[in-house]
Amino acid sequence: MKNHLIVITGASSGFGAEMAKTFNVAGNPLLLLGRRPEKIEALPLNFENVMVRSVDVTDKAAFQAAIDDAQAAYGPVDLLVNNAGVMLLGNVLKQDPAEWQTMLDTNVMGVLNGMQIVLPQMTERQGGTVINISSLAGKKTFVNHAAYVASKFGVHGLSETVREEVSRHNVRVAMVAPGAAETELLTHVTDDGALKDYGAWKQTMGGLTLDPKHVAEAVAFIYNMPQEVNVREIDIAATRQDS
């Protein structure tokens, strides 16, 4: 599989950066997308077969153009990891609706954009994989997460729907749903009370949540299965996480 192109969104930090390292070591050509390309370029990678583009996944035209460039250089996308996401905690009674829209646009529309770009060629050639990074918040509720939960329940629903639609074409759609993890997701939260509550909850886990490298390992596990095998979903969290 070393010659097959892999596209990772949200590759500048967290899960995406760890996936970039994992697949770079495996020898895959990569298209790494993010809004902060300088952070991607600072990762410890061999950039010989790596293309980096500044792309916001809500901009479908820019998303398409970057993938077109990578496919011209490396051949068809064999794996798309829709990893880009935003988590803005807040209580629905007072949260700015603009934050709801930001999460829905990135977490849902961004995923749909990526799938619509790559799935036509995958179904035509009867092969390929899309892995959507969801969350345990796509399976259960969390206080101060209403709009985020809505977006991730959406990811779960759309992923399973599209999986059914493309399965007859030997194309895989799968999900990885992490729990709380050591990423930069919290850095954009504007609700101090929600942040305080999250910090207290984190302390019940010993102050350390899931290492993002294990999410990258889960993604690689799904992808490295034979094409005729689809591990449809992996839920992964720190052992001490109670919810």
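All figures in this text were calculated on a predicted structure; none of them were measured in a lab. For the numbers below, each heavy atom of this structure counts, side chains included, while hydrogens, waters and symmetry mates do not.
- In this structure, Val171 and Thr129 have side chains that are not in contact, with every pair of non-hydrogen atoms separated by 4.5 Å or more.
- Asn107 places a side-chain N or O within 3.5 Å of a backbone atom of Val86 that can act as its donor or acceptor partner.
- Looking at every heavy atom in both residues, Val155 comes nearest to Ser134 through CG1-CB, 3.8 Å.
- Panel note: side chain Arg172, backbone Val229; a donor-acceptor pair is recorded below 3.5 Å.
- A donor-acceptor contact shorter than 3.5 Å links the side chain of Ser151 to the backbone of Tyr148.
- For Asn28 (side chain) and His4 (main-chain N/O), a donor-acceptor pair under 3.5 Å exists by modelled atom type.
- Side-chain N or O atoms of Asn113 include one that pairs as donor or acceptor with a backbone N or O of Val57 at under 3.5 Å.
- Between Lys139 and Glu233 there is a salt bridge, since a side-chain N of the basic residue sits under 4.0 Å from a carboxylate O of the acidic one.
- Seen from the ring of Phe142, Lys140 counts as a face-on cation partner, given the 6.0 Å and 45° thresholds.
- For Thr58 and Asp56, the side-chain atoms include at least one donor-acceptor pair closer than 3.5 Å.
- Minimum heavy-atom separation, Leu43 to Ala11: CD1-O, 3.6 Å.
- The pair Asp59-Arg35 fails the salt-bridge criterion, with no side-chain N (NZ, NE, NH1 or NH2) lying under 4.0 Å from an Asp/Glu carboxylate O.
- No side-chain heavy atom of Ser167 sits under 4.5 Å from any side-chain heavy atom of His169.
- Here the side chain of Thr9 pairs a donor or acceptor atom with the backbone of Ala84 at under 3.5 angstrom.
- Annotation: side chain of Leu31 is not in contact with side chain of Tyr74 (no heavy-atom distance under 4.5 Å).
- In this structure, the side chains of His214 and Ile236 come closer than 4.5 Å at one or more pairs of heavy atoms.
- Closest heavy-atom contact between Pro120 and Gln116: CD-O, 3.1 Å.
- Summarising the geometry of Gly110 relative to Phe63, their closest heavy-atom pair is O-CE1, 3.7 Å, with the distance given to 0.1 Å.
- Between the side chain of Asn170 and the backbone N or O of Gln126, at least one donor-acceptor pair lies under 3.5 Å.
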| task | For the pair Ile67 and Arg53, evaluate side chain to side chain contact (heavy atoms under 4.5 Å, CB included) and give the outcome as yes or no after the intermediate values. | result | CA-CA 9 Å; Ile67 286 179; Arg53 290 288 185 272; over 6 Å; no
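- Side-chain contact between Val176 and Ile131 is present, with heavy atoms from C-beta onward closer than 4.5 Å.
- In plain terms, the two heavy atoms of Ile222 and Ala174 that are nearest each other are CG2-CB, 3.9 Å.
- Gln241 places no side-chain N or O within donor-acceptor distance of the main-chain N or O of Gly179, the cut-off being under 3.5 Å.
- Judged purely by distance below 3.5 Å, without hydrogens or angles, the side chains of Tyr223 and Asp78 pair a donor atom with an acceptor atom.
- For the pair Asn230/Met225, no side-chain contact is recorded, criterion being any heavy-atom separation below 4.5 Å from C-beta on.
- If you check the side chains of Gln95 and Asn91, you find no donor sitting under 3.5 Å from an acceptor.
- Under the 4.5 Å side-chain criterion, counting only non-hydrogen atoms from C-beta, Leu158 is in contact with Met115.
- Here the side chain of Glu18 pairs no donor or acceptor atom with the backbone of Val215 at under 3.5 angstrom.
- Between Leu33 and Ala66, the closest heavy-atom pair is CD2-CB, 3.9 Å.
- When side chains are defined from C-beta on, Gln71 counts as touching Val77, because their heavy atoms get closer than 4.5 Å.
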